[in-house]
Amino acid sequence: MKRALLELSSMKSLLENLLKYMEEGVFTVDKDGKITSFNKSAQWITGYCLDEVIGKKCSDVFKSNLCNNTCPLSKVFKVDAPVYNHNVEFLSKDGKKILANLVCIQFKNAKGEILGAVNIFQDITEIKKLQHQLLQSEKLAIMGQISAGVAHEINNPISGILTYFSLIKKKIDKEKLSTEEIKKIHEYIVTMERETSRISRIVRNLLDFSRKKEPDFQPLNLTTVLENTISLLYDQIALMNIKVEKKIEKDIPEIIGDFGQLQQVFMNLILNAIQSMEQGGTLTLKISKVGKTGGGCFVIAEVKDTGRGIKDENLSKIFEPFFSTKKGEKGMGLGLGLAIVQRIIKDHRGSISIKTKLGKGTSFMIKLPAR
Ligand SMILES: Nc1ncnc2c1ncn2[C@@H]1O[C@H](COP(=O)(O)OP(=O)(O)OP(=O)(O)O)[C@@H](O)[C@H]1O
Ligand SMILES: [Mg+2]
């Protein structure tokens, strides 16, 4: 008996110290929701002293968003839900808004009767604020990187155009132009036109990339999106001596997605595949599912080519904005296609994987959650 008492008293002091020095606010309530204890941290966080809260209903002290809708106590007083964990917002004594993570635990006696609840809460207002600031500064850093890239990308064609302007000006300042000179001027204008349309493409793609529009998510069939996209590209494919093979599984479940954006994904992947097969080849388009018929949980779209493949050292860079190995080729290749694909797939909670072999071909697989 003596030993038991001794153990009990040391346990009591341990608990008291724990409650006194822990950073989390802790308070207990009885079955009526009246506060029976309130530790030091709870007092610091809320601004209430012990005697101001003891015996008061907790909903009168914590004017919280949870009190009206889903009181955590009403939840944990049910036998089948002994713990409730939620982020809550409440007002401190001086009216300051506090965001906290609250864990509410059912509290029983030895006979199993519910006596009340223990509530442990942590002030996460600062953490949330810092997370928000971090996100903002990350966004700014990305914007900085992108603007530097854009400035560089746009500066080159503009310098070219300006040079041609002055060349043309020099020529037409003369009284009479020879046929040879008129031909040269024509050449300059064609180059200027090409460079201007490159700028316009950069700007258009950047607008897509920074995407002012919010996605319009609707239930849709990925096969329809793919069929729709490939129909826009048939002429180009035929010209390049490319064979198209389609492997579409039956009973593909619907997904939730933005039709236009997913069309953009396929457009970019198919264009890349086509551009990698200059000597012709086979483009395989596959739609399959993971999971049982009717209950598939993922839909997988694959765009596979028998083209030049991707070098190991480039694999980690291909999703970076402005990374392109096609810059020398007829003014093509902004290096924005895959950056846009990655952004869209992320918004759709999907993932991208790649298989590639130099000289043999590449396969891009997009995995999207089924509806
Ligand atoms: N199917 C593919 N086969 C081989 N290389 C590829 C393939 N897809 C992408 N790549 C490589 O990844 C790079 C980046 O692709 P991305 O689509 O982002 O830009 P791009 O095609 O060069 O230009 P843009 O799409 O903006 O016109 C390409 O330049 C190419 O080197
Ligand atoms: Mg591309």
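We count ligands from 1, going down the list as the structure has it; atoms in each ligand are counted the same way.
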Would you please determine whether Phe319 falls within less than 4.0 Å of ligand 1 on a heavy-atom basis? no
Does this structure show an ion pair linking Arg198 with Glu195, if we count only N-O contacts that are shorter than 4.0 Å? no
Under 2.8 Å from the Mg ion (ligand 2), which protein atoms of type N, O or S occur, listed by chain and number? Asn272 OD1
Show me which atoms of ligand 1 lie under 4.0 Å from any heavy atom of Gly337. 16 (P), 17 (O), 18 (O), 24 (P), 25 (O), 26 (O)
Gly307 heavy atom under 4.0 Å from ligand 1: no
With a cut-off of 4.0 Å, which atoms of ligand 1 are near a heavy atom of Ser324? 20 (P), 22 (O), 29 (O)
Does Asn314 reach ligand 1, in the sense of a heavy atom lying below 4.0 Å from it? no
Rounded to the nearest 0.5 angstrom, the NZ-CG distance for Lys34 and Asp60 is 10.0 Å
Taking the basic N atoms (NZ, or NE/NH1/NH2) and the acidic carboxylate oxygens, is any pair closer than 4.0 Å for Lys304 and Glu245? no
Give me each pair satisfying ring-ring contact (aromatic ring centres under 6.0 Å, His included) with a member in residues 106-141, each pair once, sequence neighbours excluded. Phe27-Phe121, Phe62-Phe121, Phe90-Phe121
Charged N-O contact under 4.0 Å between Glu278 and Arg308: yes
Using a strict 4.0 Å cut-off to heavy atoms of Ser276, name the atoms of ligand 1 that fall inside it. 3 (N), 4 (C)
Ligand 1-proximal atoms of Val341, by part, heavy-atom distance under 4.0 Å: neither
